[in-house]
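Heads up, the thing below is written out as structure tokens.
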Amino acid sequence: MTTRLFRNARIWTPVDKGGGTPVSGPRQGELSRWDPGALVCHEGRITAIGDERDVVKGVAASDIEEIDCRGRCLVPGFVDPHTHMCFCRAREEEFSARLDGADYLEILKAGGGILSSVREVRSASEEELFRLTRARALSALRHGTTTVEIKSGYGLDVGSELKQLRVIARVARETPLRVVPTFLGAHAVPPEYEGRADAYVDLIISEMIPAVSEAGLARFCDVFCEQGVFTVSQTRRVLGAARAAGLGLKLHADELSGTGGAELAASLQAASADHLLAVSESGLRAMAGAGVVGVLLPGTAYAMRKPYAPARKMIAMNVPVAVATDCNPGSSFTESVPFIFGLAVLQMGLSAAEALNACTLNAACAVGMGRETGSLSPGKRADFLLLEGETPAILAFHAGVPPVFQVYVEGKVAWQ
Ligand code: NIG
Ligand code: FE
């Protein structure tokens, strides 16, 4: 296999101390930078990176393919650590109703929202669901995502949850993307268990988690811990069973109301607590203490016209901050990390450096991939982007137009 040398690039990357640990506090705003920089990869892995002159000196001239980046900005491929992109159709009529004042959780209570997506996923064929999900994954790739987490959660019965997870596994096999699958059986209480949430939790624990782990189809288990959905104690039961089955833990925590989800995530040492629009100060302190990554989803606050999560406060309190699209058919219908990057910078007040760490290294750590990807460090996979711009800030500046020129996965062009 040939060695590739990418030269004449403006390189920006997280400062990775190794070991797959996220950056927080002042370190969230630090990046390594080389201009002009060069990167070498061999067999899909990064073998050298740094100042162009130093890097070029270190490589043998024969059997090397040289790529002139023409001064473009070179950054790690994005990691999108929270999506629900395995669904049939986006609920556009519901978006319009919300613009006219309808409430998200009221729509869900009336059998719409997540539950209308559940009806569609249950009746869709596996092939159809695969085609729809693959199309969204490839759109994410065109927007610079090279690793994506995808949740189930629109099946809510054993067979339909497994169908979603098989579709997600097939997306991993049949696209260039790296996919992290998450089981989200506790996304809503399905209609056949209406008013019997505890009995549904029993089903998750006694049948779904064993079936999912036996099939090896999930790496994480997530729960929508929210007033009127799953309580803190139901969440604790589900995640306890998930941990015993060998799954990593994640929570939709304090999204619409502060229920103590962040505190629970910290006490369980979950990989991440996500959303956090209504997180308490004690929840943030607990997360910082336990090293739980806070995955912020500003696309959801944007589309729901809610106040954004307290990102600056989180950085001040040493909570490692990641961002994600939350790509789903209801509360955040986008697969574009550049759009999320723009919201993080212009609406949540992150610096461009903080936002780049949030959608690369910290995002990778939130899905247990911090040793493999998320920064341009020797030994890691050569997943990176060339941007039409000089600095990562172009992602926020060129509003609504992703400046992604080329996407590389394992050193090879995956999209241009
Ligand atoms: O993360 N909060 C729960 N789940 C998704 C929304 C799913 C949907 O509306 O279909 C979220 O916002
Ligand atoms: Fe979500």
Side-chain angles (χ1 to χ4, degrees), residues 80-98 102-122 124 129 132-133 136 148-156 160-161 164 168 180-190 220-230 235 238 249-259 261 265 270-279 293-306 308-309 322-335 340 343 363 366-367:
D80 189 348
H82 181 139
T83 86
H84 309 250
M85 63 167 68
C86 183
F87 60 84
C88 293
R89 55 176 273 286
R91 305 189 303 266
E92 201 171 325
E93 71 296 341
E94 210 181 87
F95 176 68
S96 300
R98 280 196 285 109
D103 176 73
Y104 180 83
L105 284 179
E106 288 301 322
I107 295 171
L108 176 60
K109 249 189 236 157
I114 294 171
L115 294 178
S116 74
S117 296
V118 168
R119 282 189 290 277
E120 292 168 2
V121 164
R122 283 181 174 181
L129 192 57
L132 293 164
T133 308
R136 280 178 210 118
V148 65
E149 186 254 21
I150 309 179
K151 303 175 197 294
S152 66
Y154 294 117
L156 308 189
S160 308
E161 285 290 309
Q164 273 199 292
I168 294 166
V180 178
T182 294
F183 167 64
L184 178 59
H187 194 196
V189 177
F220 286 92
C221 177
D222 191 348
V223 176
F224 188 12
C225 180
E226 180 65 46
Q227 225 162 60
V229 191
F230 294 99
T235 304
V238 171
L249 310 184
K250 291 179 158 291
L251 279 83
H252 281 64
D254 303 323
E255 175 178 356
L256 304 167
S257 48
T259 56
S272 72
D274 302 29
H275 283 289
L276 306 169
L277 299 187
V279 69
V293 179
V295 177
L296 304 186
L297 310 162
T300 312
Y302 169 83
M304 309 254 280
R305 292 175 162 159
K306 300 257 182 210
Y308 290 86
V323 292
T325 61
D326 197 18
C327 178
N328 74 66
S331 66
S332 181
F333 183 39
T334 180
E335 62 277 23
I340 297 302
L343 293 180
V367 292

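Order of listing sets the numbers, starting from 1, for every ligand and every atom in it. Bear in mind that the values here come from a model prediction, so they are computed numbers and not experimental data.
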- How about Asp222: does one of its N, O or S atoms come closer than 2.8 Å to the Fe ion (ligand 2)? no

Any chance the side chains of [X] and [Y] put a donor and an acceptor closer than 3.5 Å?
X	Y	result
His275	Asp254	no
Thr182	Asp222	no
Glu226	Ser257	yes

- From Lys306 atom NZ to Leu256 atom CG, the distance as rounded to the nearest 0.5 Å: 5.5 Å

Taking 4.0 angstrom as the limit and counting only heavy atoms of [X], give me the atoms of ligand 1 inside it, by number and element.
X	result
Ile114	7 (C), 8 (C), 9 (O), 10 (O)
Phe224	2 (N), 3 (C)
His84	1 (O), 4 (N), 5 (C), 11 (C)
Pro329	10 (O)
Arg91	8 (C), 9 (O), 10 (O)
His275	1 (O), 11 (C), 12 (O)
His82	1 (O)

Among all protein heavy atoms in this structure, tell me which lies nearest to [atom], with the distance rounded to 0.1 Å.
atom	value
atom 7 (C) of ligand 1	Tyr154 OH, 3.2 Å
atom 11 (C) of ligand 1	Asp326 OD2, 3.2 Å
atom 4 (N) of ligand 1	His187 NE2, 2.8 Å

- Query: Which bit of Glu255 gets closer than 4.0 Å to ligand 1, counting heavy atoms only: side chain, backbone, both or neither?
  - Reply: side chain

- Where the Fe ion (ligand 2) is the vertex, angle from His252 NE2 to His84 NE2 to 10°: 100°

- Task: Identify the residue among Thr325, Asp326, Ile150, Ile114 that makes a side chain to side chain contact (heavy atoms under 4.5 Å, CB included) with His84.
- Result: Asp326

- Note on the structure: Paired with Met85, the side chain to side chain contact (heavy atoms under 4.5 Å, CB included) test is passed by just one of Asn328, Val148, Leu132, Ile168, namely Val148

- Where does the angle between the aromatic ring planes of His82 and His252 fall among parallel (under 30°), tilted (30 to 60°) and perpendicular (over 60°)? perpendicular

- Side-chain contact, heavy-atom cut-off 4.5 Å: Phe230 with Val189? yes

- Any sub-3.5 Å donor-acceptor pair from Glu161's side-chain atoms to Gly153's backbone N or O? yes

- Message: Would you say CD of Glu92 has more than 12 non-hydrogen atoms from neighbouring residues, nucleotides or ligands within 6.0 angstrom?
- Response: no

- Test of proximity, Tyr104 against ligand 1: N or O pairs below 3.5 Å: yes

- Message: So, applying side chain to side chain donor-acceptor pair (under 3.5 Å) with Ser117, which one of Arg122, Arg91, His187 is it?
- Response: Arg91

- Nearest to the Fe ion (ligand 2), which N, O or S atom of His82 do we find? NE2

- Item | Heteroatom of Asp326 nearest to the Fe ion (ligand 2) (N, O or S, atom name) | OD1

- Should one rank Ser117, Ser332, Ser331 by closest heavy-atom distance to atom 12 (O) of ligand 1, which comes out on top? Ser331

